[in-house]
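Before any comments, here is the structure.
Predicted model, so just to flag it, every value in this text is computed and none were measured. Position 1 is the first residue of the sequence, and the numbers go up from there.
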Amino acid sequence: MLNNPLVKKSLSQIVEKEHEENLKKRYKEYYGGETPEGIDNLIRALELPPEDVQLIAEDIKKTVEETIVPIINALDEGIETDEEIANKTGIKLNIVRKILYKLYDLKIANYKRSKDPETQWFTYSWKFDKAELINQINKECQDELDTFKGQLENEENNMFFVCPEGHVRYNFDEASDEEFLCVCGEELQFQDNADIINQLKENIKLIENDLDSFNKSIE
């Protein structure tokens, strides 16, 4: 199951969050004020070069495949403590602990704490919650489907007008309110949105197929 693309996509949010925090720091250093939310919005706001975006994508993929998935595999095999997971996977103990608590934050791992009566040391025994991960993936996909279907309905039921300089995009009512003029003074032009509609339909079809394949694979 862990090699499924939807599983890796869901797990990637652990790494994306770290990159998002780093990008927020860069944004504050450059511009100050309130930072955009979401890694994609930050990348656009910072106008990162393609090579930087590629490095982020590669780091996310590598961390998921070489760190997060092996740790979950170890948990799924019944290995419970962070030390045992580190020994099994060869991943540094501090990284194992960090990932375990990230999985805990996502509610797909939980732990029990026990105290050794002789040493008075605490031991943490970890478990992987497969059912919760499956539920989250289904919810994430359904949320995406709802978003795309809402966008599709909007595109199919409206006419759109755009500034030739790319400043604004209005539906008919919004364009009428502005007398079909952009704030820059250019006259708004009718936009054929057939390509947008087709892309949204393709996105919906892809998610539905991926989700159907995922759920069949875990039956």
Side-chain angles (χ1 to χ4, degrees), residues 1-73 86 89-103 105-106 108 133 136-137 140-141 143-145 147-148 151-152 155 160 162-169 182 184 186 191-211 213-214:
M1 185 187 82
L2 292 178
N3 287 323
N4 186 279
L6 290 183
V7 175
K8 291 183 177 179
K9 180 181 178 182
S10 182
L11 295 175
S12 69
Q13 63 185 296
I14 296 173
V15 198
E16 286 180 0
K17 196 65 180 176
E18 292 185 6
H19 281 289
E20 183 178 342
E21 292 305 315
N22 290 333
L23 291 175
K24 281 183 177 180
K25 291 177 182 177
R26 289 176 63 177
Y27 186 92
K28 287 181 178 179
E29 290 174 0
Y30 293 160
Y31 305 111
E34 187 175 349
T35 58
E37 292 297 325
I39 189 170
D40 291 336
N41 292 330
L42 283 160
I43 286 172
R44 284 192 290 269
L46 287 166
E47 298 181 342
L48 295 185
E51 55 269 26
D52 285 3
V53 179
Q54 181 64 28
L55 285 173
I56 291 173
E58 289 175 355
D59 180 68
I60 292 171
K61 180 180 178 182
K62 182 178 179 182
T63 304
V64 169
E65 293 181 349
E66 298 183 9
T67 305
I68 299 175
V69 168
I71 289 172
I72 293 178
N73 271 328
T89 62
I91 299 169
K92 291 181 179 179
L93 182 58
N94 65 317
I95 295 176
V96 170
R97 286 172 174 164
K98 182 174 76 171
I99 296 299
L100 286 172
Y101 282 106
K102 296 287 186 182
L103 296 174
D105 289 340
L106 289 178
I108 58 176
L133 178 58
Q136 287 189 21
I137 289 172
E140 288 163 5
C141 287
D143 287 347
E144 278 192 287
L145 284 172
T147 297
F148 283 134
Q151 292 173 350
L152 178 61
E155 293 293 333
F160 291 91
V162 296
C163 169
E165 299 298 323
H167 294 138
V168 296
R169 183 178 190 255
C182 177
C184 70
E186 291 286 341
Q191 181 190 46
D192 182 353
N193 65 342
D195 287 344
I196 295 174
I197 289 173
N198 289 335
Q199 184 60 59
L200 286 168
K201 288 180 177 178
E202 185 62 30
N203 291 344
I204 291 168
K205 182 180 178 181
L206 181 62
I207 295 171
E208 289 176 337
N209 288 342
D210 285 347
L211 185 56
S213 297
F214 170 72

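Looking at Asn94 and Arg97, their side chains never bring a donor and an acceptor atom within 3.5 Å of each other. With hydrogens and angles left out, the side-chain atoms of Glu140 and Ser10 include a donor and acceptor closer than 3.5 Å.
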Practice problem: Let me see the working for Lys92 and Ile95 under side-chain contact (heavy atoms from CB on, under 4.5 Å), right down to the final yes or no. | Solution: CA-CA 5 Å; Lys92 291 181 179 179; Ile95 295 176; 4.2 Å; yes
Practice problem: Take Ile56 and Val15, measure what side-chain contact (heavy atoms from CB on, under 4.5 Å) needs, and give me the verdict at the end. | Solution: CA-CA 9 Å; Ile56 291 173; Val15 198; over 6 Å; no
Practice problem: Go through the steps to decide whether Phe148 and Lys201 satisfy the test side-chain contact (heavy atoms from CB on, under 4.5 Å), and finish with yes or no. | Solution: CA-CA 8 Å; Phe148 283 134; Lys201 288 180 177 178; over 6 Å; no
Quiz prompt | side-chain contact (heavy atoms from CB on, under 4.5 Å) evaluation trace for Lys62 with Glu58 | solution = CA-CA 6 Å; Lys62 182 178 179 182; Glu58 289 175 355; over 6 Å; no
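Atom CG of Leu145 is separated from atom CD1 of Ile207 by 5.0 Å, given to the nearest 0.5 angstrom. Note that CD1 of Ile68 and NZ of Lys8 are 11.5 Å apart. Values are rounded to the nearest 0.5 Å. Distance check: Thr63 OG1 to Ile99 CD1 gives 7.5 Å after rounding to the nearest 0.5 Å. We find the CG-CG distance between Asn3 and Asn73 to be 7.5 Å, quoted to the nearest 0.5 Å. In this structure, Ile60 CD1 and Glu18 CD are separated by 10.0 Å, a value rounded to the nearest 0.5 Å. Distance check, rounded to the nearest 0.5 Å: CG of Leu100 to CD1 of Ile72 gives 9.5 Å.
Salt bridge present: Arg169 and Glu155 bring a charged side-chain N and a carboxylate O closer than 4.0 Å. Using a 4.0 Å cut-off between charged side-chain N and carboxylate O, Glu16 and Lys9 make no salt bridge. Glu20 has a carboxylate O that lies under 4.0 Å from a charged side-chain N of Lys24, or vice versa, which qualifies the two as a salt bridge.
Looking only at side-chain heavy atoms (C-beta outward), Ile91 and Pro70 come within less than 4.5 Å of each other. Side chains of Phe160 and Asp192 form no contact here, defined as non-hydrogen atoms less than 4.5 Å apart. No side-chain heavy atom of Val162 sits less than 4.5 Å from a side-chain heavy atom of Val168. Under the 4.5 Å side-chain criterion, counting only non-hydrogen atoms from C-beta, Val64 is not in contact with Ile14. By the 4.5 Å heavy-atom criterion applied to side chains, Pro5 and Asp210 are not counted as neighbours.
Here the closest non-hydrogen pair linking Leu42 and Tyr27 is CD2-CB, 4.3 Å. Across Ile43 and Leu23, no two heavy atoms sit closer than the pair CG1-CD1, 4.0 Å.
Other residues, nucleotides and ligands contribute more than 12 heavy atoms inside 6.0 Å of the CD atom of Glu51. Counting heavy-atom neighbours within 6.0 Å of Glu34 CD, excluding the residue itself, gives a total of 12 or less.
A donor-acceptor pair is defined here as one N or O able to donate and one able to accept, closer than 3.5 Å; no such pair exists between the side chain of Asp52 and the backbone of Leu48. Gln151 places no side-chain N or O within donor-acceptor distance of the main-chain N or O of Ile197, the cut-off being under 3.5 Å. Asp59 places no side-chain N or O within donor-acceptor distance of the main-chain N or O of Leu55, the cut-off being under 3.5 Å.
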